[in-house]
Amino acid sequence: MLRLARAGRYTMKKRIVVVLLAGAAVAALACAFAWYLSHRAVEEPGLVLYGNVDLRQVSLAFNGSERIVRLTVREGDRVVAGQVLGELDSQTLRLQVEQARAQLLARQQALLRLKNGARPEEVAQGRANLRAARAEADNAEQQLRRLKGANADSKAYAVSAQDVASADTALRVARARLENVGKALELTLAGPRREEIGEARAQADVAGAQLALLQHQLELSILKSPVDAVVRSRLLEPGDMASPQKPVFALAITDPKWVRVYVREADLGRIAAGMAARVASDSHPGEAIPGRVGYISSVAEFTPKTVQTEEIRTSLVYEARILVDDPHDHLRLGMPATVRFAVAAAGNGKP
């Protein structure tokens with residue numbers, strides 16, 4: 001009996017130990033499951049979108065039609081705004097600029113001459129001419145008076161009527177010349193008319209505008225980069241004839257750079273403008289590039305029909321652009337990229 005009692009107590013203790021171990025295992029499993037549930041929201045990936053890298057491009061062409069003499073960059077070179085990329089043959093334009101500059105100087109000097117009026121020497125010459133004309137008129141008047149006086153004196157030699165008429169004519173001519181010289185002196189003292197000055201000023205303005213136009217055309221013979229960019233392609237070479245219709249370079253603007261993705265209508269409420277995102281590419285899988293939602297289209301793509309069922313509506317997609325900060329230029333044009341949003345942000349649509 002004693003041996004049976006001891007065996008029963010041993011069996012009971014063994015059962016208690018098994019129960020305790022089973023309880024501990026269940027508790028451990030419960031803790032592990034609770035830990036999994038608490039960390040699953042953090043580790044579970046949020047909204048994931050797939051798209052391609054996109055950026056703006058610029059096609060550069062000369063405004064003039066001349067032969068290219070110099071190109072300074074090639075494919076892959078980085079350029080900054082205002083950098084000289086090429087130059088046309090401008091010898092003809094330079095000569096035309098010099099000609100226009102000389103014409104402008106001549107017009108300006110003519111205008112200055114009118115503004116300054118007559119020189120003191122010209123005024124003195126006019127007054128001297130007036131005195132000479134007055135003296136001639138006085139002399140002609142005295143000559144006529146002597147001839148008439150001779151005819152009145154019966155003792156003197158008689159003067160013919162033709163001589164008297166000639167003297168009278170000479171007096172009228174002298175007086176007319178005196179009047180003409182006097183008017184000329186008045187014009188000299190009065191100076192040029194306002195209309196003449198205005199005409200000379202307008203001619204100088206025309207010459208100045210012509211010079212500015214040629215200088216502008218000369219500046220356009222030099223091709224400069226309008227923005228900071230990377231040269232994608234070089235389409236012409238020195239010696240080619242350029243024209244406004246022939247692009248010389250194609251530039252890729254690297255800032256801003258974005259990833260173009262498409263969002264299903266069902267996920268449209270999970271993103272919002274300004275939401276933070278992480279962008280990864282196959283070439284740099286371990287380096288996530290920060291980004292943010294910069295644009296969400298208000299128009300659906302691939303709209304199927306006007307009348308839609310609830311299932312068809314969920315197939316609508318909307319274009320979105322994820323702006324990225326890529327100072328190391330890891331993302332290239334057309335490269336596939338993966339965009340991930342944080343699960344917390346994906347649940348409520350807020351960054």
Side-chain angles (χ1 to χ4, degrees), residues 33-59 78-81 225-230 232 250-351:
F33 184 70
W35 181 88
Y36 170 75
L37 292 178
S38 62
H39 288 74
R40 183 179 61 176
V42 176
E43 295 179 353
E44 180 184 3
L47 180 62
V48 180
L49 301 175
Y50 303 93
N52 297 88
V53 179
D54 201 356
L55 44 81
R56 292 185 175 88
Q57 302 180 68
V58 178
S59 295
R78 289 187 172 273
V79 298
V80 297
S225 174
V227 293
D228 297 348
V230 176
R232 285 201 61 211
L251 304 183
I253 304 175
T254 57
D255 187 20
K257 181 186 296 184
W258 66 88
V259 178
R260 188 191 304 272
V261 298
Y262 291 92
V263 187
R264 296 186 305 126
E265 190 272 340
D267 296 328
L268 191 60
R270 303 176 66 184
I271 65 173
M275 179 184 295
R278 308 289 291 178
V279 178
S281 63
D282 296 338
S283 59
H284 298 84
E287 300 182 20
I289 300 175
R292 60 182 176 84
V293 179
Y295 165 78
I296 302 176
S297 176
S298 58
V299 180
E301 305 276 349
F302 313 114
T303 305
K305 295 179 181 179
T306 304
V307 180
Q308 304 168 359
T309 64
E310 184 176 356
E311 291 80 7
I312 293 178
R313 287 201 306 268
T314 60
S315 65
L316 299 179
V317 292
Y318 294 80
E319 178 189 344
R321 297 180 183 180
I322 313 302
L323 301 178
V324 295
D325 183 13
D326 186 20
H328 301 293
D329 199 22
H330 289 167
L331 302 179
R332 303 299 178 91
L333 178 63
M335 178 183 291
T338 303
V339 181
R340 290 184 172 86
F341 298 90
V343 66
N348 54 20
K350 296 180 180 180

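Note: hydrogens, waters and symmetry copies are ignored here, and every other heavy atom, side chains too, is used. Since the structure is predicted, the reported quantities are computational estimates derived from the model, not experimental observations.
Formation of a donor-acceptor pair under 3.5 Å by the K257 side chain with backbone atoms of D326 is not found in this model.
Annotation: side-chain hydrogen bond (donor to acceptor under 3.5 Å, both in side chains) contacts of R292 (sequence neighbours excluded): none. In this structure, the side-chain contact (heavy atoms from CB on, under 4.5 Å) partners of E319, at least two apart in sequence or on a different chain, are R260, Y262, Y295, S297, E301, R321. Checked against side-chain contact (heavy atoms from CB on, under 4.5 Å), N52 has the following partners two or more places apart in sequence or in another chain: P336.
Interatomic distance, D255 CG to R56 CZ, rounded to the nearest 0.5 Å: 10.5 Å. Here the CE-OG distance, from M335 to S283, works out to 4.0 Å after rounding to the nearest 0.5 Å. To the nearest 0.5 Å, atom CD of residue E287 and atom NE2 of residue H328 are 8.0 Å apart. Atom CG of residue L333 and atom CD1 of residue I253 lie 12.0 Å apart, to the nearest 0.5 angstrom. The distance from atom CD1 of I271 to atom CG of L47, rounded to the nearest 0.5 Å, is 7.0 Å.
In terms of heavy-atom proximity, V279 sits nearest to L331 at CG1-CD1, 4.1 Å. For the residue pair L55 and P256, the shortest heavy atom distance occurs at CB-O, 4.2 Å. Closest approach of I322 to A277, counting heavy atoms only: CG2-CB, 4.1 Å. Of all the heavy atoms in L251 and S225, the pair that sits closest is CD1-OG, 3.8 Å. Taking each heavy atom of A229 and A252 in turn, the nearest pair found is CB-O, 3.2 Å. For the residue pair P226 and V58, the shortest heavy atom distance occurs at CG-CG1, 4.4 Å.
Within 6.0 Å of atom CZ in R232, 12 or fewer heavy atoms from other residues, nucleotides or ligands are found, so the atom counts as exposed in its surroundings.
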